[in-house]
Engineer: 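Right, I'll just put the structure down here and ask away after.
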Number of protein chains: 2
Amino acid sequence: MTSMSGDTSTPTTARRPTMRDVARLAGVGVKTVSRVVNGEPNVSADTAERVRRAAAELQYEPDLHAGNLRRADGRSHTIGLLVSSVANPFAAQVHRAIERVATEHGYAVFATSLEDDPVAEQRAIAALSRRRVDGYVVTPVHDDQSYLRVHLDRGTPLVCIDREPAGIDVDSVVTSNYDGARDAVRHLVAHGHRRIAFLGDLERIQTARLRRAGYLDELADAGITPDPALIVLDLHDDASATAVTRRLLTLPEPPTAIFSSQNLVTVGAIRALQQLGLEHDVALVGFDDVEAGDLVKPRVSVVAQDPDRIGRLAAERVFARIGGDGGPARQIVVPTRLVVRGSGEIARPEAQRGGS
Amino acid sequence: MTSMSGDTSTPTTARRPTMRDVARLAGVGVKTVSRVVNGEPNVSADTAERVRRAAAELQYEPDLHAGNLRRADGRSHTIGLLVSSVANPFAAQVHRAIERVATEHGYAVFATSLEDDPVAEQRAIAALSRRRVDGYVVTPVHDDQSYLRVHLDRGTPLVCIDREPAGIDVDSVVTSNYDGARDAVRHLVAHGHRRIAFLGDLERIQTARLRRAGYLDELADAGITPDPALIVLDLHDDASATAVTRRLLTLPEPPTAIFSSQNLVTVGAIRALQQLGLEHDVALVGFDDVEAGDLVKPRVSVVAQDPDRIGRLAAERVFARIGGDGGPARQIVVPTRLVVRGSGEIARPEAQRGGS
DNA sequence: GTGTCGCCTGACATCGATGTCACGAAACTG
DNA sequence: CAGTTTCGTGACATCGATGTCAGGCGACAC
């Protein structure tokens, strides 16, 4: 109603108002403005109202960082998230879940893509440390996280997701890679398969090794001797997965089922099966869900991870730590879910039942 | 080599060292430490070395925000990104592209999901403003962005992506929604189709209206009178798209081709076609690429957007503005690309050639 | 009427850094 | 060799806020 000056036109470059400007306009001291802005008690109703009006008039926005400098708890109300890539669908869903929890707590999230580069991991941590984040959620890439201990000692919590950290004892939230792989293989064995191929991700990735172990142990428990010819490791993209799958399927004794241990590898396997016209004859179960995996024919069965839950649990751990939880480090394992859609339920051909 | 104290065990809670601590240890003034840390000139080689050693010993990390308080340019080296959802594949790819440019400039990125909530847009801007971001990249949701003018006036640039802003004159980077839609329809017309259905997204979304307009204008140019029965708007998820598509396909005079104007809607249409066994008989072109769209049979043809380029261009605009570019607002349009995979090249059935 | 208490309020030091400036020593100039 | 410039350095004010503390004022009890 009562506008300060008649000038309502666009100012060229306005200085950002500070608490002092608001104080001056409201005719009070800065500390009183501070009290009103932060909802502290002991301010009379009409002083508060005058301050609020002045703040609104100047469109005042407090400077969170300036406040933190002096504030007792020194919280930046910001956390950092390190993932393989924010564009990776799995990581993106984890990110969304974390963001949801963060927003509830009034926190903002810095997300950084590491692209599996250990050096990027350290650089990202340093960049976030300079920005004084209150906590980290990290997908470990580096083979040793002990360099992070100094941050823990200074009271900045860290939670690892997807992979277990090495060299530090912190909370972690990971998928049940080993059990999930066993579930997949057990499912295929239950449909009569004995020649089950394994398409593995890069062996240097911990989760890939766990999935391979699950595959081998489940075969062993089923009394099946693994055929080394059917085990291919270190696949990381769909093109090489396609090539390898084609080769396996044209062996003299081809597999009757395939367990592919990762997203893109599953896509590559599907493509190979389609190219050879074998998609209805050879069973396939993938680890990790495939986008639009229910549009393909046959629809693709998978052992699905739960990125939403992983993200939520990880965020809850971080905020518990920020909130002062000093308990021992927790290892949380999120189970996988077998999604039955068709490709994994293709039975071993009758022709072969007699053989072997 | 020369460790300060013999104690290498884990300290319980160490205070974070400040510049003063480093100065004291190195036996110099704080300003000298500041000079070394920031690479300013006029420090003798061995003073600099002594300071660096002290900083390393204490594992000193400068506080970026404290520095900004006094620093002339006051840059937080942080930008804010508002998207529909960080879990949305399109937005996630845009995000990754922006992050790449940001990293080159030494910037970190705050990403926030709006879930198409106009109130969330304003809340997010306020949260980022309090954190003093140097620039914004925004997917507008609110129907009026004039409330952002104050930030522009204070020198914080803003670039809109995906949708044009309303009420402010700023840089924007958008897909050629109108032309892309025309391309899709032209492609279907070229394959003989005249009864082409349109499955539109929510009409309140600007891009959805543009795609509809492209559809209608291209039909008009081809001399085809649109059949209102084949135009369905306000679809936003795959379930409703499936239901609607099934209804259209069972009309007395069903469409021979479908143009679906969005990702999830395309998925819904595919599912309906598969359920009715018509996927090889009715042509389909979608707007926006579908993940694993080349695994479906027939492989799905789309008019693809270029999220990587959109993100990169948007980020470059923001950094140009942060760098002082005061030129007039630029509207950048990123063209779509028709991806021919099979579903869009199904010809109009011969049986119908005689008719109409 | 006076003393005590509690509520409001603002002056001032402070957070961790950078900008300004003055000072002494060394290097150059003529 | 005196005068000037340059270099290296640190004391100090300052950025925008909050924590501390003391003072003023009105209400209440005796």
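Numbers restart at 1 for each chain; the letters A, B, ... are given by sequence-line order, proteins then strands.
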Engineer: Does this structure show an ion pair linking A/R96 with A/D308, if we count only N-O contacts that are shorter than 4.0 Å?
Structural biologist: no

Engineer: Could you tell me how the ring of B/F319 sits relative to the ring of B/Y107: parallel (under 30°), tilted (30 to 60°) or perpendicular (over 60°)?
Structural biologist: perpendicular

Engineer: Under 4.0 Å between a side-chain N or O of A/S44 and OP1 or OP2 of C/dC7?
Structural biologist: no

Engineer: For a quick test of reading the model: is some side-chain N or O of A/T32 closer than 4.0 Å to OP1 or OP2 of C/dG10?
Structural biologist: yes

Engineer: State the NE2-OG distance between B/H95 and B/S85, to the nearest 0.5 angstrom.
Structural biologist: 11.5 Å

Engineer: Drop me the distance from B/T112's OG1 to B/R123's CZ, to the nearest 0.5 angstrom.
Structural biologist: 11.0 Å

Engineer: Return the orientation label for the B/Y136 and B/H151 ring planes: parallel under 30°, perpendicular over 60°, tilted otherwise.
Structural biologist: perpendicular

Engineer: Hey, does the side chain of A/T47 come within less than 4.0 Å of C/dT9's phosphate (OP1/OP2), counting only N and O?
Structural biologist: yes

Engineer: Between the side chains of A/D116 and A/S84, does any donor sit under 3.5 Å from an acceptor?
Structural biologist: no

Engineer: Once each nucleotide of nucleotides 12-21 of chain C is scored for protein heavy atoms under 4.0 Å, what B/S/- sequence comes out, 5' to 3'?
Structural biologist: -BBBBSBBB-

Engineer: Salt bridge or not for A/R16 and A/D63, using N-O below 4.0 Å?
Structural biologist: no

Engineer: Just by distance, with hydrogens left out, do A/R131 and B/T78 show a side-chain donor and acceptor under 3.5 Å apart?
Structural biologist: yes

Engineer: Restricting both atoms to N or O, compile the protein contacts to nucleotides 23-26 of chain C shorter than 3.5 Å, with distance only.
Structural biologist:
none

Engineer: Would you check if there is a donor-acceptor pair between the side chains of A/Y147 and A/E121 at a distance under 3.5 Å?
Structural biologist: yes

Engineer: Stems in DNA chain C: runs of 3 or more consecutive Watson-Crick or G-U pairs, distances under 3.5 Å?
Structural biologist: C:1-30 with D:1-30

Engineer: Applying side chain to side chain contact (heavy atoms under 4.5 Å, CB included), run through B/L148 and B/V170 and close with a yes or a no.
Structural biologist: CA-CA 10 Å; B/L148 291 169; B/V170 296; over 6 Å; no

Engineer: Does C/dC7 have OP1 or OP2 sitting under 4.0 Å from an N or O in the side chain of A/N42?
Structural biologist: no

